[in-house]
Structures are given as structure tokens and as C-alpha cells.
Amino acid sequence: ENPHTQTQRTRGAALRNPRGTTTPGAGPHCGMAAAAGVWQLVGVAVATLLAAVLVAVALGRQRQRRRRAPLEGIPAPEDGCEVADGAWSAAVDGPTDVIIVGAGVAGSALAYTLGKDGRRVHVIERDLTEPDRIVGELLQPGGYLKLMELGLQDCVDEIDAQRVLGYALFKDGKNTKLSYPLEKFHSDVAGRSFHNGRFIQRMREKAASLPNVQLEQGTVTSLLEENGTVKGVQYKIKSGEELKAYAPLTIVCDGCFSNLRRALCSPKVEVPSCFVGLVLENCELPHANHGHVILANPSPILFYPISSTEVRCLVDVPGQKVPSIASGEMANYLKTVVAPQIPPQIYDSFIAAIDKGSIRTMPNRSMPAAPHPTPGALLMGDAFNMRHPLTGGGMTVALSDIVVLRNLIKPLRNLHDASALCKYLESFYTLRKPVASTINTLAGALYKVFSSSPDKARDEMRQACFDYLSLGGVCSNGPIALLSGLNPRPLSLVAHFFAVAIFGVGRLMLPLPSPKRLWTGARLISGACGIIFPIIKAEGVRQMFFPATVPAYYRAPPEAEF
């Protein structure tokens with residue numbers, strides 16, 4: 001008899017006689033049939049349970065294979081590679097979405113931002129101890145707004161950061177104070193100055209606090225490529241062991257000395273000058289909570305607080321060579337050439353800092369962004385784009401870039417289609433341009449204007465800039481809004497730059513024009529064009545002023561392909 005039919009009959013008998021009593025007239029054959037039906041039900045139940053266990057095991061193995069080999073066709077890392085010596089956090093569970101090379105300002109902020117959006121992030125940093133640098137210590141108000149937008153504003157807390165409310169400009173014994181136009185913003189919005197290392201450590205700690213972000217100490221030696229697509233990185237840990245990490249997107253943020261940028265862009269690095277750094281202790285600046293710029297000869301000198309008891313001094317030395325520190329040439333240069341030009345209120349502290357001997361130098365690098373769109377990889381931070389640090393705009397540009405990238409990546413479910421993602425992220429290079437190019441151009445142009453020159457026309461431009469900013473009102477609010485990153489508009493930059501040049505020509509014509517003055521005025525305008533136009537050309541005229549005409553500006557998320 002068909003077992004299915006027998007089971008149905010047994011069930012029917014059970015329904016008709018639910019108490020299990022013997023039905024009159026039923027023989028022993030009916031009892032045997034009922035027993036057989038029960039055992040068949042038990043067998044079906046056991047078989048179903050075994051099938052469920054087998055399916056669960058199979059699915060578990062499949063998930064394990066996916067964890068070990070996040071990208072198809074790529075060998076999985078060896079067991080135990082996820083957590084190496086120097087790691088700040090345990091390995092992230094599941095395949096990595098993004099590898100970030102470098103945990104400086106850009107890398108740490110990006111790791112936290114992407115991690116907060118749910119991405120699994122693996123950060124590889126050469127040295128996770130606190131950095132000790134003489135730049136990256138002044139965050140403009142525009143950068144602080146971006147920090148707030150990313151949820152990182154508390155990283156300037158508990159590091160003795162100082163509020164910065166504007167700049168004071170000094171020239172030939174005269175000075176003028178330029179305050180940031182902060183009236184329309186929350187009272188907390190201002191610039192911040194601090195020890196760079198303390199700020200970076202706070203951001204690293206915040207990034208590492210997320211369960212899906214892993215910070216690991218290691219030196220990335222190369223990008224792993226396959227058929228033109230970057231699949232991950234090869235790196236060396238402290239023990240000397242070479243490891244590999246894989247992810248659908250690798251973002252290189254390894255700073256101004258990047259050894260990976262050549263694979264992803266056409267770097268044209270210039271070093272117009274070097275900074276000589278000192279720390280003045282227990283020094284009161286003439287204008288509290290303001291950065292101080294001295295228009296000295298041959299080039300500017302900066303002072304700004306980095307803690308409640310310390311003031312950073314940066315002396316710009318043109319060219320790539322600086323006087324020797326070891327031989328004492330540097331101390332002599334600072335005392336004989338620089339010291340006589342600084343305000344008398346800080347002279348003694350300046351000399352004391354020289355005598356203390358903690359003098360450091362740093363080359364000032366400038367590099368316009370010239371990316372090679374590469375599937376699976378992206379450049380950011382100083383590895384991607386640099387400008388003269390005179391205006392303190394580097395961190396503002398980096399944080400602004402992170403906001404742009406975060407908004408582009410956020411709607412994507414996954415990042416595994418490298419070619420589609422690369423094409424989509426070309427819009428990043430266009431969308432960042434108006435803000436980044438304005439800050440970059442201002443930094444380069446202002447450095448040239450603020451530096452002394454034997455050329456009479458250039459010297460007139462320098463004096464005109466000081467006098468124009470001293471007028472106050474729109475003449476100071478406009479340029480300081482550009483400098484602060486609060487209003488980074490390219491057209492506003494060009495308008496104010498040439499307003500300074502025209503103002504300088506007008507000054508030359510008083511009380512009466514003469515052929516010599518007309519000639520100097522013409523050379524002043526020509527010099528102004530020679531300063532700003534090459535910088536704009538390097539930044540890209542179309543992307544800077546007319547980004548909406550670039551096709552990449554309108555790229556939509558490639559959801560259909562993901």
C-alpha cells in the first residue's frame with residue numbers, strides 16, 4: 001500500500017477516534033497500520049530536521065568563504081592577518097568595503113565618516129603614535145563648519161585648542177585687525193588652533209570607537225592591481241611581515257610625502273619656500289585670539305596660539321634651502337634678519353625661543369590636483385592636492401572634500417563594480433573644485449603678494465593689499481570670508497584681487513598722474529595678471545568657474561549596475 005495513503009488513513013482514524021480507544025469490529029491489523037503510520041511521521045520529522053541542519057552548515061561555509069575572499073578571483077588573506085601588531089581595534093567582521101591608507105587629518109576623518117554610514121573600513125597608518133608637526137595647526141571657521149557637518153567637532157575639545165576670531169596684519173610699524181564675519185553663525189563657530197598631533201589622536205580615537213572601523217599600524221608599500229583595477233594594498237607590519245588587504249575601494253590619504261600618488265595622478269610638486277618653526281612660551285600676542293601676519297622682508301612671518309601657554313611662530317624662508325641649524329647659521333639669521341621686524345611686544349619671547357634651540361623646518365609644498373581616474377582607487381588630502389600653508393586652508397579643503405565624497409557614496413548599496421564606481425566618482429573631482437580651487441588660488445596669490453620684491457610694481461601691489469584690507473567694510477569682510485572658507489567663491493576671489501590692483505593704480509595716480517606712474521600702474525596690473533592667472537589655469541578654468549558645464553557634474557549613482 002502507498003505509504004502516503006496509509007498515513008492519510010491513519011490520520012483519518014485518529015480524527016474519528018481521538019481518544020485512541022478500540023473501535024468495535026477493528027482487528028489487530030488496524031493497530032499495526034496505525035503504529036506504522038506514527039513511525040513514518042517520526043521519520044519525516046527527523047529527515048526534515050537533518051535537511052535544515054545541512055542547509056545551515058552549507059550557508060555558514062558560504063558566508064565564511066565570502067569573509068575570507070571579499071572579491072571574486074582574489075586569494076583570501078592568510079588566517080590571523082586581520083589583527084597585526086600595532087592595531088588599535090579588532091578586525092572588522094565581514095569583508096572590508098574601503099581601505100584607507102593614512103590616518104592623518106583626512107584619513108581619520110574619512111574613516112569615521114564612512115564608518116558612521118555603515119561601511120566596513122580598514123585604515124592602515126605608518127605610525128599611530130601622536131604626530132609632532134609644525135603645520136596643520138590652524139583650522140579656519142569654514143573647516144570647523146565641515147567638522148561639525150561630519151560630527152567631529154568634539155575632536156577640538158580637551159586638547160587646549162584656542163578660538164581664533166580673525167587676523168592681525170602688520171607692516172612697517174602699522175597694523176590692522178581683520179575679524180571673521182561670524183555674525184550669522186552659531187556662537188561656537190570660529191577658527192581653532194591647536195597642537196596638530198593632539199587633534200589627530202582625537203580623531204583616530206573617535207574613528208576606532210566604531211565597531212566597523214579597524215585602525216592598524218603598517219607601511220603600505222604598493223597598490224595591488226589586476227587588469228588596471230586596484231584591488232587592495234600590500235603593506236608591512238612592525239614585525240617585518242608582508243601582508244595584503246583587499247577591498248573594492250582604496251582611498252590613499254598618506255600625506256604630502258605620499259609614495260603612492262604617482263600611480264593615481266600626475267604630480268607637479270613645487271616648493272616655493274620653507275617654514276622655520278618655533279614655539280614661544282608664556283607670550284601674549286598684541287591681539288588676543290587672532291592670528292598675526294607680519295609682512296616682513298623677504299617674506300611673511302606668522303604667529304598664532306596653539307595652546308593656552310604656547311604661540312607658534314612660522315618664519316617663511318624663500319627657496320628650498322634654509323640656513324643650517326646645526327652650525328648656528330639659522331639662529332643668527334633669526335636674530336639679525338627676522339627679530340628686528342617683529343612687534344616689540346613679542347620680541348623677548350621670540351629671542352628666548354631661539355636660545356632654547358627647538359628650531360624645526362618644513363618645506364612648503366604646492367601641487368594642483370591632476371588625477372588619473374583609476375577603478376578601485378581614489379586620492380585625497382595632501383597626497384592629492386596641496387597649497388601654500390600661509391592661509392591655513394589645507395584642513396578646510398580636506399574636510400570639504402570628505403563631505404563631497406560622503407554625499408556621493410552614501411546612496412550606493414555596495415562598491416564592487418569598480419568601473420561603474422570610477423566613472424561615477426569622476427563627479428567628485430568636479431564638485432570639489434569651486435571650494436578647493438578658491439582656497440588654493442588665494443593661498444598661492446596671497447603668498448606672492450605678501451612677499452617682498454625688488455620690483456617696484458610688486459612692492460606697490462603689496463602696499464595696496466595692506467591698505468585695501470585696512471579700509472574695513474566690504475574691503476576686509478570679502479577677502480577674510482574667502483580666507484576663512486566661509487564664502488569660498490571663485491568670482492568673489494577674482495573680483496577682490498583685481499580690486500586691490502585697481503586700488504593700487506589709483507593710489508599711484510595721486511596727486512597727479514605722470515608717465516612714470518602710468519607705466520608703474522600698467523606693470524602693476526600686468527603683474528597681478530601674472531600672479532593669479534597661472535594659478536587659475538593650473539586649477540582648471542572650466543571646473544573652477546563653470547563646473548555645471550562639465551558632464552561629470554551630473555553623474556547619477558549607478559544603482560542599476562550595482
Side-chain angles (χ1 to χ4, degrees), residues 106 140 142-143 146 251-253 256 258 261-272 364-375 377-391 393-408 421-449 479 481-483 485 487-498 528-556:
Q140 298 287 1
K146 297 300 179 184
I251 303 178
V252 177
C253 309
C256 61
S258 172
R261 68 160 67 101
R262 289 190 177 278
L264 303 174
C265 74
S266 300
K268 295 180 180 178
V269 181
E270 295 181 0
V271 183
N364 294 326
R365 295 168 175 253
S366 175
M367 185 185 78
H372 297 156
T374 304
L378 198 68
L379 269 174
M380 291 194 76
D382 283 350
F384 174 47
N385 184 205
M386 294 181 284
R387 76 290 311 150
H388 196 285
L390 173 69
T391 57
M395 289 188 288
T396 300
V397 172
L399 295 170
S400 176
D401 284 354
I402 290 169
V403 170
V404 172
L405 184 64
R406 186 269 311 267
N407 293 340
L408 287 172
L421 180 64
C422 179
K423 186 175 181 181
Y424 170 58
L425 289 183
E426 285 180 16
S427 59
F428 166 74
Y429 302 119
T430 301
L431 293 170
R432 68 177 294 273
K433 269 293 179 179
V435 172
S437 295
T438 301
I439 294 173
N440 294 344
T441 304
L442 178 65
L446 212 54
Y447 174 70
K448 291 184 178 180
V449 171
L482 290 164
L483 180 69
N487 182 34
R489 296 182 181 178
L491 288 175
S492 179
L493 167 62
V494 172
H496 280 288
F497 187 81
F498 281 103
C529 294
I531 288 173
I532 198 167
F533 286 154
I535 303 174
I536 290 175
K537 182 181 178 182
E539 291 292 329
V541 176
R542 186 180 178 190
Q543 288 183 318
M544 183 172 175
F545 293 97
F546 313 106
T549 67
V550 179
Y553 186 84
Y554 301 98
R555 295 271 160 81

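Since this is a predicted model, take the numbers as computed values, not measurements. Quick note: residue numbers are just sequence positions, from 1.
By the neighbour-count criterion of 12 heavy atoms within 6.0 Å, atom CD of Glu426 is densely surrounded, having more than that number from other residues, nucleotides or ligands. Annotation: Phe545, atom CZ; neighbour count of heavy atoms from other residues, nucleotides and ligands within 6.0 Å is above 12.
If you run side-chain contact (heavy atoms from CB on, under 4.5 Å) between Thr438 and each of Asn487, Leu483, Leu493, only Leu493 comes through.
Taken to the nearest 0.5 Å, the CG atom of Asn407 stands 9.5 Å off from the CG atom of Leu431.
In plain terms, the two heavy atoms of Ala445 and Phe497 that are nearest each other are CB-CE1, 3.9 Å.
In terms of modelled atom types and a separation under 3.5 Å, the side chain of Arg261 and the main chain of Cys256 share a donor-acceptor contact. Distance alone, capped at 3.5 Å, is enough to place a donor-acceptor pair between the Asn385 side chain and the Met367 backbone. Counting only distance, with no hydrogens or angles, the side chain of Arg387 and the backbone of Ile439 share no donor-acceptor pair below 3.5 Å. Formation of a donor-acceptor pair under 3.5 Å by the Tyr424 side chain with backbone atoms of Leu408 is found in this model. A donor-acceptor pair under 3.5 Å links the side-chain atoms of Thr549 to the main chain of Phe546, judged by distance alone.
Side-chain contact between Thr430 and Tyr554: absent, with no pair of heavy atoms (C-beta onward) separated by less than 4.5 Å. Counting heavy atoms from C-beta on, the side chains of Pro371 and Leu379 never come closer than 4.5 Å.
Considering only residues two or more places apart in sequence or on other chains, Ser400 meets the side-chain contact (heavy atoms from CB on, under 4.5 Å) condition with Lys146, Val435. Scored by the side-chain hydrogen bond (donor to acceptor under 3.5 Å, both in side chains) test, Arg365 finds no partners at all (sequence neighbours excluded).
Between Lys433 and Asp401, no side-chain nitrogen of the basic residue sits less than 4.0 Å from a carboxylate oxygen of the acidic one, so the salt-bridge criterion is not met.
Ring pair His388/Tyr447 is parallel by interplanar angle, where below 30° counts as parallel and above 60° as perpendicular.
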